[in-house]
Participant: 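Sharing a structure here in structure tokens format.
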Amino acid sequence: MAKAVEQLERVVIRFAGDSGDGMQLTGARFTSETAALGNDLSTLPDFPAEIRAPAGSLPGVSGFQIHFADHDILTPGDQPDVLVAMNPAALKTNLRDLPVGGTLIVNRDAFSEKNLQKAGYASNPLEGEALADYKVHAIQLTTMTVEALKGIEGVTPREAERSKNFFALGLMSWLYGRPIEPTLTFIQEKFSKRPELVEANTRAFNAGHAYGETSEDFVVQYEVRPAKLAPGVYRQITGNEALSLGLVAASVQSKLPLFLGAYPITPASSILEQLARYKHFGVRTFQAEDEIAAAGAALGASFGGALGVCTSAGPGVVLKAETIGLAAMVELPLLVIDVQRAGPSTGMPTKPEQADLLMIMFGRNAESPVPVLATSTPGNCFDMAIEACRIALKYRTPVYLLSDAYLANGSEPWLIPDPASLPDLSVEFATAPNSGGEFMPYLRDPETLARAWAVPGTPGLEHRIGGLEKEDVTGNVSYDPDNHDAMVRLRAQKIANIAADIPPLEVDDPDGDAKLLVLGWGGTYGPIAGGVRRIRRRGLKAAQAHLHYLNPFPRNFGEVLGAYDRVLIPEMNLGQLLKLVRAEFLVDAVGFNRVTGRPLRTADIEHAIEVLLQ
Amino acid sequence: MAKAVEQLERVVIRFAGDSGDGMQLTGARFTSETAALGNDLSTLPDFPAEIRAPAGSLPGVSGFQIHFADHDILTPGDQPDVLVAMNPAALKTNLRDLPVGGTLIVNRDAFSEKNLQKAGYASNPLEGEALADYKVHAIQLTTMTVEALKGIEGVTPREAERSKNFFALGLMSWLYGRPIEPTLTFIQEKFSKRPELVEANTRAFNAGHAYGETSEDFVVQYEVRPAKLAPGVYRQITGNEALSLGLVAASVQSKLPLFLGAYPITPASSILEQLARYKHFGVRTFQAEDEIAAAGAALGASFGGALGVCTSAGPGVVLKAETIGLAAMVELPLLVIDVQRAGPSTGMPTKPEQADLLMIMFGRNAESPVPVLATSTPGNCFDMAIEACRIALKYRTPVYLLSDAYLANGSEPWLIPDPASLPDLSVEFATAPNSGGEFMPYLRDPETLARAWAVPGTPGLEHRIGGLEKEDVTGNVSYDPDNHDAMVRLRAQKIANIAADIPPLEVDDPDGDAKLLVLGWGGTYGPIAGGVRRIRRRGLKAAQAHLHYLNPFPRNFGEVLGAYDRVLIPEMNLGQLLKLVRAEFLVDAVGFNRVTGRPLRTADIEHAIEVLLQ
Amino acid sequence: MSGNGNGSGKLTLKDFKSDQEVRWCPGCGDYAILATVQGVMAELGIPRERIVFVSGIGCAARFPYYMQTYGMHSIHGRAPAIATGLAVTRPDLTVWVVTGDGDALSIGGNHLIHALRRNVNLKILLFNNQVYGLTKGQYSPTSPRGQRSGSTPMGSIDAPFNPLGIAVGAEATFAARSIDTDRKHLAEVLNRAAAHRGSAFVEILQNCNIYNDGAFDAVRDEAANRIYLRGGEPVRFGADGERGIRIRSDGSAEIVDVGEVGEESLLVHNEHHAEPSLAFALSRLQLHTVGVTPVGVFRDVEQPVYDDLMAGQIDQMRADKGDGDLSALLQGSDTWEIR
Amino acid sequence: MSGNGNGSGKLTLKDFKSDQEVRWCPGCGDYAILATVQGVMAELGIPRERIVFVSGIGCAARFPYYMQTYGMHSIHGRAPAIATGLAVTRPDLTVWVVTGDGDALSIGGNHLIHALRRNVNLKILLFNNQVYGLTKGQYSPTSPRGQRSGSTPMGSIDAPFNPLGIAVGAEATFAARSIDTDRKHLAEVLNRAAAHRGSAFVEILQNCNIYNDGAFDAVRDEAANRIYLRGGEPVRFGADGERGIRIRSDGSAEIVDVGEVGEESLLVHNEHHAEPSLAFALSRLQLHTVGVTPVGVFRDVEQPVYDDLMAGQIDQMRADKGDGDLSALLQGSDTWEIR
Ligand SMILES: Cc1ncc(C[n+]2csc(CCOP(=O)(O)OP(=O)(O)O)c2C)c(N)n1
Ligand SMILES: Cc1ncc(C[n+]2csc(CCOP(=O)(O)OP(=O)(O)O)c2C)c(N)n1
Ligand code: SF4
Ligand code: SF4
Ligand SMILES: [Mg+2]
Ligand SMILES: [Mg+2]
């Protein structure tokens with residue numbers, strides 16, 4: 001007999017366990033079921049720090065958080081409503097995030113002496129009052145899984161034991177009324193080579209589901225209705241996936257072969273790994289000996305007429321500065337993607353931060369202005385990758401695109417775009433002399449100030465470029481004082497002019513009479529929008545704007561800033577956009593800065609706004 | 001019979017000739033004579049672009065300008081009063097700087113068909129009206145020199161010919177009544193190994209001197225009286241020399257061995273070359289395989305308790321960013337000197353610029369604040385080198401010191417300091433556990449926030465440091481969100497606190513009622529002070545202040561800025577200090593920016609001030 | 001932190017364990033190396049405070065955290081440069097560099113070969129697992145061509161470096177190879193490296209059981225596929241020495257059947273040969289070419305040490321000019337006085 | 001700019017002169033090399049627009065400005081990396097890298113050895129003048145120990161690199177040496193390099209008459225001190241071939257008197273040997289050790305070319321999956337529809 005069903009608008013679940021417990025898989029499957037059901041959702045994996053720690057240890061804990069709802073949502077959630085902890089270490093490291101009254105589901109079997117000690121528990125928290133504040137379900141996940149798998153030929157005890165994550169998935173699927181078919185099919189495909197494992201995991205999954213239905217331990221089942229999202233075909237996508245797809249799309253739309261020069265680095269490596277699988281798009285991925293070579297090779301490819309791109313993170317991006325300076329001088333397209341992580345130095349490689357902005361803006365010798373763009377959500381990474389390529393190709397300039405570890409690994413439903421709707425990025429190469437029978441490589445398009453671009457292989461246009469100062473028009477080496485001053489300004493002007501070619505900054509100010517503007521950029525979009533939304537729910541007023549273009553700024557930016565009494569700039573750094581805004585517009589904006597290696601929290605934003613409104 | 005003697009307050013002479021003509025030597029000698037006479041002076045060599053060009057060609061021209069006066073002066077002069085041109089190419093490239101009515105002394109013998117053509121002269125400018133606007137002395141320098149040297153045993157015709165620069169020197173020495181003894185002694189010493197050359201050059205020098213006395217061509221002799229300089233013993237010094245001496249002094253005063261890691265680069269190489277000659281001070285110079293290794297080795301030396309320094313220029317400094325980020329994380333002293341040159345990219349390697357400021361401030365991944373100091377005159381390089389070392393050692397932090405190609409090669413009289421007057425830079429290394437029997441490498445001095453520094457070799461204090469985020473106090477690796485936020489702020493606070501330990505900004509505002517402040521930093525001190533001086537001579541009012549500390553700013557900086565209606569910031573860039581000032585103080589300062597690869601011109605500063613005062 | 005690092009009292013392996021929890025994947029070859037190194041340190045009898053471990057970034061590079069000595073976990077690829085600055089300014093210290101195949105041969109290749117060329121007094125341990133472990137399994141410069149990895153789904157297309165070939169080509173004065181799990185041999189080699197004045201390069205074949213498991217099984221598991229090089233001895237190997245190495249008339253090395261060719265025609269290994277040609281020829285015998293791997297000391301020659309020469313020039317100049325006198329230096333040669 | 005770069009019409013040396021005034025010091029060895037290279041380009045019969053010269057920074061690196069081809073004067077040490085990106089994306093081009101001993105072996109050492117290891121289709125010309133010319137004369141990684149220079153007033157203290165040793169140690173598939181003024185031989189070697197598929201490394205001994213004059217006089221002036229290596233021939237040299245090279249039983253090379261040892265015991269040079277050991281042994285015969293210098297092609301073997309393999313994988317995947325379809329790619333595998 002079915003149990004009572006309770007309606008919920010939104011739920012945040014965190015799966016946590018040992019690296020070996022398959023929590024990422026469990027989370028991903030639950031996410032697919034949830035997507036299939038039509039909820040809006042947002043997820044965030046929380047990997048252990050780079051090195052794999054010993055089983056059962058605190059550093060070895062791996063987590064996956066999903067936020068799903070019957071309305072559109074913006075973040076993976078500040079804190080979980082439900083915590084699934086597969087071992088003591090997972091409980092220890094995650095419990096602090098679970099609010100009082102929250103639901104806690106633990107695998108009682110894992111709470112052995114040994115594991116408790118590894119997690120630094122003097123006594124077993126499942127006994128005594130330690131967890132009195134929570135709704136605790138201590139379940140013998142392992143035992144019941146092994147039980148359910150009895151008698152399957154060819155499944156080792158170890159394998160049987162490892163199926164427990166599917167048991168947990170089955171249970172959670174029941175608890176939130178998720179469709180089970182997608183997962184059953186998934187198991188079929190994933191383990192097709194080993195039928196006995198198909199059998200095992202299917203049984204574990206069903207057992208978990210059945211356990212929910214039958215056990216006294218669970219009295220209600222929850223339902224979260226589908227959200228009203230824009231109609232269309234959706235998929236889940238992470239920021240790094242979206243960047244990869246965007247780069248391929250830019251290559252197709254520009255008809256230029258994509259060349260990626262990259263040196264592995266967390267959290268950017270997966271872009272290299274994914275693009276390496278798109279060779280049938282003519283994509284060339286080059287794992288260089290270091291980041292300098294990665295940038296150099298990409299620039300060499302651009303010189304030859306390819307779409308040259310390099311991807312890295314802070315410690316690698318700094319190494320590219322000299323090469324990017326050369327690209328600015330020879331005025332060739334080059335896209336540099338910085339998936340930001342917490343620093344300085346090696347810092348906390350798996351954690352997000354947005355503290356590379358000023359480095360990107362200014363980290364090259366002498367005056368070498370470069371356009372800077374930033375992504376705001378996993379899906380937005382696709383659009384910005386294309387846009388960054390458009391600017392690089394049209395203006396013959398290196399371009400930086402900033403993402404971060406949170407966008408890189410976080411996922412959300414993505415309305416799949418129609419290729420026909422993508423911009424045409426095709427480039428006109430010079431094919432003939434452009435000045436009285438001669439070819440002048442630094443003769444510029446009067447409108448874009450982009451120089452003529454003749455690729456090697458073009459007969460009659462042979463020429464040399466390089467890093468020494470260039471004579472205007474001819475591009476010959478020049479030490480002339482006035483020429484240098486003029487060229488320095490020309491290079492700056494070329495970048496400044498791009499402001500006319502990018503969309504004005506949109507402001508979300510429903511009644512148009514807010515006094516406070518909350519201004520953000522990059523991966524903080526979700527929490528900021530969430531905070532603003534909460535403020536408005538409370539009848540207070542705040543406008544929101546989010547920058548995707550940091551250099552040049554949108555042409556209406558000054559106006560927008562001028563229209564508000566106060567400007568609040570939340571950032572995962574010590575106030576970098578803040579500095580730029582104050583310097584350029586002399587606006588006394590204030591910052592909200594948290595540099596914890598974690599996404600900003602919606603509640604904190606809400607509070608920061610509230611304080612300013614008082 | 002002696003000729004009429006005319007008094008002059010100041011004279012600017014430029015010696016120009018082929019790289020082979022020994023103009024640098026001639027200029028240096030004339031400078032010594034002038035110094036010995038007690039004039040104040042300022043010099044600036046103008047080397048040809050790095051590569052040696054063919055003899056007689058335009059790019060092959062080498063110049064040396066000296067400005068001397070009976071009062072204290074600030075720059076090598078905007079334009080020469082007298083141009084000595086040893087060949088057509090020298091005339092062609094330098095004439096544009098000679099004001100109408102200026103004196104022109106040329107070596108007629110060098111104006112051969114071949115040379116004229118190499119210099120791109122259709123016809124001989126010495127014939128016809130081309131030079132009508134100038135006081136021209138076309139002299140057969142070569143002929144007369146060879147004549148004078150007739151009959152000296154063992155001097156080849158080529159050598160005889162090459163003595164003509166001493167003839168020119170003799171002539172100029174007469175013309176401006178310079179003492180000749182210093183040069184005669186110099187010739188003795190320099191050529192002691194070849195007596196015949198002593199004879200030859202002495203004769204050439206005397207012949208030139210005699211020619212001035214006797215020739216109709218020169219009717220007056222000029223006199224520039226000694227200047228009233230502070231009493232004491234002086235020497236000439238260039239910026240790079242002063243930096244080198246300052247580093248040795250810092251090593252002596254800190255009792256730490258100096259380790260210089262460097263990779264040759266114009267215009268910084270001469271620091272490496274000079275320090276390599278100071279091994280008897282225990283100086284270790286390490287010519288690294290690249291700038292990254294240079295910085296790394298210097299950091300390794302610091303780790304071991306040495307005074308670790310690395311010197312470079314823009315294109316090399318960018319490469320050090322990652323290492324400096326590590327130094328900021330492990331909190332060890334490291335001095336990085338950037339002798340700025342024109343850019344971006346390879347740019348104009350021999351020309352000065354001050355466009356690396358923002359790179360130095362922000363060019364590292366994530367929040368890694370580093371103190372930034374800048375030198376203002378050749379002599380000031382000595383003081384700032386010591387000051388930069390003081391801050392690096394006291395606060396256990398990497399420090400940047402900015403100089404430029406103009407300061408590096410320009411020279412001025414330098415009042416030699418008494419070593420006893422130099423600050424004591426000695427450091428206290430940790431020698432015992434500092435926290436209940438344990439050693440905590442990140443336990444800080446409450447006042448300076450500097451961490452405990454125990455060098456390898458200290459028994460019982462063995463510990464590990466590295467680039468991953470550190471736990472406060474223990475220095476263990478930590479991924480804790482709140483710890484990271486706290487450490488990011490601690491590192492920032494430590495640098496900010498240095499403001500309390502540096503002198504307040506001095507303002508030169510004679511009557512204290514100027515409305516305009518002219519604010520500068522770095523190598524522009526001379527021209528800015530000159531411009532301000534001219535403005536005041538005209539009865540107008542302008543205050544002047546020059547920053548030697550760019551990060552943190554002096555504690556009274558905000559106050560100073562607030563005290564003036566207008567702030568003018570002249571820079572050899574597109575407005576970098578301007579950005580910092582506007583961002584931090586929301587002051588609507590305006591910039592005067594010339595990026596020509598040449599020092600700013602006093603006249604331009606004067607004019608810029610004038611415009612603002614209207 | 002007991003202060004018995006002052007040299008008094010014999011140290012044991014335990015004394016070299018730091019208080020940090022070791023964090024490598026269970027089963028990683030690094031554990032075995034760590035234990036062996038700690039044991040060797042104890043044998044060396046050098047006080048702990050005089051020992052410094054400098055590393056770059058990577059799984060291997062975590063090493064210093066686990067050693068109760070001074071240490072720096074620096075940045076990727078730069079450890080040889082950092083260690084050079086330390087070693088030349090502090091001859092009283094023993095400086096060890098721990099690096100991986102990516103750290104040392106990819107981003108750090110240039111610093112490695114220059115440190116070797118200069119013959120700086122460093123002991124460089126390269127943990128070669130033929131993969132980038134820390135970044136989760138991309139192929140490395142030592143991965144055999146065709147290796148499938150995250151970044152090379154169709155197999156890598158570049159020819160791998162031969163670490164010993166690079167080292168010897170870069171004028172290394174000491175070059176050796178050992179195996180993570182061959183504890184006795186590894187200890188032997190490490191002791192030889194410690195005894196060598198100048199830079200000592202040691203390649204350690206290390207198993208990454210997560211991203212490149214079994215890369216070296218052929219030698220790690222089959223002692224018969226290991227060729228133990230021993231100076232002054234004819235090179236034989238195999239279950240009962242039935243195989244050996246012979247040098248061809250063109251200078252290359254080949255594997256021969258001792259029965260067939262006779263012991264006398266076998267190469268008698270000479271670690272101390274002035275010319276590195278022999279060491280180079282031996283380095284060409286590789287698992288993927290001949291199915292066996294020589295281990296041991298390939299080359300060990302005395303050459304002037306960079307640190308000594310630098311110190312020597314300082315002494316020399318002091319002898320010539322006397323200790324530096326600051327006020328004389330500031331005076332310079334050409335002064336004048338204003339009264 | 002005449003358009004006859006289209007391949008029609010035989011080009012001459014003059015066609016490869018650019019309109020830029022050549023700016024090296026009078027007497028610099030670079031002039032001779034430039035003339036020879038321009039001549040060789042004309043012989044190759046490759047249209048000018050398909051030729052690209054990429055350089056780093058240095059006197060040598062000024063080279064591209066003087067060639068009427070496409071070119072990039074890039075940044076210090078990075079030319080091999082930049083050229084790699086160009087070569088692998090544009091197999092229709094012939095890419096030459098011009099570099100100096102500092103550019104290639106100091107700051108650029110890592111990029112050089114990786115380009116060689118990968119066997120990218122690049123022709124790399126290293127102008128070795130054993131000094132940093134452009135920065136006015138500091139010693140370089142190829143300067144013999146003890147070289148006095150601006151930065152080493154008491155003489156340099158590091159052991160120099162042997163460029164060919166480094167190249168061969170880094171798996172170079174083509175390695176050769178020639179001399180700036182030996183025009184005929186240099187042209188020969190350059191033609192061989194051009195003909196080689198994959199990376200070709202050529203060291204050119206070049207005189208810097210300003211900062212390191214006469215470094216190579218012994219071979220530049222004395223033909224008798226040049227050992228011309230020719231594949232398949234016994235290696236003899238000297239006024240009338242009275243001296244030769246023999247390989248010792250330990251694999252090292254030695255100079256012998258042919259009369260004494262007899263022609264039959266001389267080394268017969270084999271450029272194509274699968275093992276680089278011979279090339280390495282020959283590279284050890286150096287001016288400062290044996291007073292003579294082998295020139296010519298040390299090694300020339302066929303190995304898979306990086307560019308080809310990369311193109312091959314693209315074709316392969318296209319064959320397997322068909323040309324990429326963007327909309328299918330965007331769809332991915334796991335979608336749902338909202339109505
Ligand atoms: C400048 C920089 N680039 C890239 C990285 C990312 N990274 C860290 S370790 C590593 C390679 C590790 O491989 P290896 O040196 O073989 O060590 P292992 O993990 O295999 O022991 C890379 C690419 C980094 N930390 N810094
Ligand atoms: C990043 C960087 N570091 C240093 C320099 C200065 N620099 C230019 S060329 C050069 C070395 C030149 O020596 P080499 O490569 O042998 O060329 P050569 O001038 O001898 O032909 C150096 C150190 C630079 N331009 N860029
Ligand atoms: S990833 Fe490989 S190398 Fe790294 S710790 Fe794990 S097993 Fe060891
Ligand atoms: S400095 Fe030397 S290498 Fe450079 S151009 Fe002059 S002679 Fe040639
Ligand atoms: Mg590895
Ligand atoms: Mg050179």
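Reckoned from all heavy atoms, side chains included, excluding hydrogens, waters and symmetry mates.
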Participant: Does the A/Arg464 side chain pair with the main chain of D/Ser18, one donor and one acceptor, at a distance under 3.5 Å?
Facilitator: no
Participant: With rounding to the nearest 0.5 Å, note down the distance linking CE in A/Met329 to CD1 in D/Ile75.
Facilitator: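 Between A/Met329 CE and D/Ile75 CD1, I get 12.0 Å after rounding to 0.5 Å.
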Participant: Using 4.0 Å as the upper bound for N to carboxylate O, is an ion pair formed by D/Arg50 and A/Glu462?
Facilitator: no
Participant: Side chain from CB out, backbone as N, CA, C, O: work out which of these in A/Pro182 comes under 4.5 Å of a heavy atom of chain D, or both, or neither.
Facilitator: neither
Participant: When you look at D/Tyr70 and A/Val455, which way does the side chain to side chain contact (heavy atoms under 4.5 Å, CB included) test go after all the steps?
Facilitator: CA-CA 8 Å; D/Tyr70 283 91; A/Val455 298; over 6 Å; no
Participant: For the interface with chain D, which of A/Leu326, A/Asp290, A/Leu245, A/Val252 has the highest count of heavy-atom pairs at distances below 4.5 Å?
Facilitator: A/Leu326
Participant: Side chain from CB out, backbone as N, CA, C, O: work out which of these in D/Arg118 comes under 4.5 Å of a heavy atom of chain A, or both, or neither.
Facilitator: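 For D/Arg118, side-chain heavy atoms alone lie under 4.5 Å from chain A.
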Participant: If I measure from the heavy atoms of chain D, does A/Ala306 come under 4.5 Å with its side chain, its backbone, both, or neither?
Facilitator: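 Contact with chain D involves the side chain of A/Ala306 alone.
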Participant: A/Gly282, A/Ala293, A/Pro231, A/Gly232: which one forms the most heavy-atom pairs within less than 4.5 Å of chain D?
Facilitator: A/Gly232
Participant: Look up atom CZ in A/Phe259 and atom CZ in D/Arg90, then write down how far apart they are to the nearest 0.5 Å.
Facilitator: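 Reported to 0.5 Å precision, the distance equals 14.0 Å.
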Participant: Please look at D/Phe53 and chain A and tell me whether the side chain, the backbone, both or neither of the residue comes under 4.5 angstrom of a heavy atom of that chain.
Facilitator: neither
Participant: Taking only heavy atoms into account, what residues of residues 326-339 of chain D are found under 4.5 Å from chain A?
Facilitator: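 Contacts with chain A: D/Leu326, D/Ser327, D/Leu329, D/Leu330, D/Gln331, D/Gly332, D/Asp334, D/Thr335, D/Trp336, D/Glu337, D/Ile338, D/Arg339.
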Participant: Roughly how far, to the nearest 0.5 Å, is CD1 of A/Ile292 from CG of D/Asn110?
Facilitator: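 Here the interatomic distance stands at 9.0 Å.
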Participant: Non-hydrogen atoms of chain D under 4.5 Å away: do they reach the side chain of A/Leu332, the backbone, both or neither?
Facilitator: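 Only the side chain of A/Leu332 comes within 4.5 Å of chain D.
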Participant: Could you tell me the separation between the NE2 atom of A/His463 and the OG1 atom of D/Thr69, rounded to the nearest 0.5 Å?
Facilitator: 10.5 Å
Participant: Given the options A/Phe281, A/Phe186, A/Phe382, A/Trp414, which has more heavy-atom pairs under 4.5 Å with chain D than any of the others?
Facilitator: A/Phe281
Participant: Apply side chain to side chain contact (heavy atoms under 4.5 Å, CB included) to the pair A/Leu468 and D/Tyr65, showing each step before the final yes or no.
Facilitator: CA-CA 12 Å; A/Leu468 289 165; D/Tyr65 289 121; 4.0 Å; yes
Participant: Is there a donor in the side chain of A/Arg284 and an acceptor in the side chain of D/Gln313, or the other way round, less than 3.5 Å apart?
Facilitator: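 No, no side-chain donor-acceptor contact under 3.5 Å.
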Participant: Is A/Leu422 in contact with chain D via its backbone, its side chain, both, or neither, using a 4.5 Å heavy-atom distance?
Facilitator: side chain
Participant: Counting only heavy atoms closer than 4.5 Å, note whether A/Ala327 contacts chain D via side chain, backbone, both or neither.
Facilitator: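 When you check distances to chain D, no heavy atom of A/Ala327 falls under 4.5 Å.
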Participant: Is A/Gln236 in contact with chain D via its backbone, its side chain, both, or neither, using a 4.5 Å heavy-atom distance?
Facilitator: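 Both parts, heavy atoms under 4.5 Å.
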Participant: Below 4.5 Å from any heavy atom of chain D, which atoms of A/Asp418 appear? Answer side chain, backbone, both or neither.
Facilitator: neither
Participant: Can you confirm whether A/Thr458 sits close enough to D/Glu49 that some side-chain heavy atom of one is under 4.5 Å from a side-chain heavy atom of the other?
Facilitator: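 Not touching, per the 4.5 Å side-chain cut-off.
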Participant: Taking D/Ala81, D/Ala87, D/Ala83, D/Ala319 one by one, which has the highest count of heavy-atom pairs under 4.5 Å against chain A?
Facilitator: D/Ala81
Participant: For D/Val88 and A/Phe286, what are the C-alpha separation, side-chain angles and deciding distance, and is it a side chain to side chain contact (heavy atoms under 4.5 Å, CB included)?
Facilitator: CA-CA 9 Å; D/Val88 299; A/Phe286 171 67; 5.9 Å; no
Participant: Answer yes or no: are there more than 12 heavy-atom neighbours, outside A/Lys255 itself, under 6.0 Å from its atom NZ?
Facilitator: yes
Participant: Tell me which of these, D/Gln20, D/Lys321, D/Met317, has more heavy-atom pairs under 4.5 Å with chain A than the rest.
Facilitator: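 Heavy-atom pairs under 4.5 Å are most numerous for D/Met317.
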Participant: Roughly how far, to the nearest 0.5 Å, is CG of D/Leu86 from CG of A/Leu299?
Facilitator: 10.0 Å
Participant: Select one option (side chain, backbone, both, neither) describing which atoms of A/Thr323 are under 4.5 Å from chain D's heavy atoms.
Facilitator: both
Participant: With a 4.5 angstrom heavy-atom cut-off, which part of A/Pro417 approaches chain D: side chain, backbone, both or neither?
Facilitator: both
Participant: Given heavy-atom pairs under 4.5 angstrom as the criterion, report whether the side chain, backbone, both or neither of A/Pro456 touches chain D.
Facilitator: both
Participant: So what's closer than 4.5 Å to chain A heavy atoms on D/Met310: side chain, backbone, both or neither?
Facilitator: side chain
Participant: Select, from A/Gly466, A/Ser32, A/Gly467, A/Ala294, the one with the greatest count of heavy-atom pairs under 4.5 Å involving chain D.
Facilitator: A/Gly466
Participant: Once rounded to the nearest 0.5 Å, what's the spacing between atom CZ of D/Arg78 and atom CD of A/Glu322?
Facilitator: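 Here the rounded value is 6.0 Å.
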Participant: For A/Ala230, which atoms come within 4.5 Å of any heavy atom of chain D: side chain, backbone, both, or neither?
Facilitator: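 For A/Ala230, the contact with chain D is made by the backbone alone.
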Participant: With a 4.5 angstrom heavy-atom cut-off, is it the side chain or the backbone of D/Asp325 that approaches chain A, or both, or neither?
Facilitator: backbone
Participant: Does any backbone or side-chain atom of A/Ile465 lie under 4.5 Å from a heavy atom of chain D? Answer side chain, backbone, both or neither.
Facilitator: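 It is both, since atoms from each part get that close.
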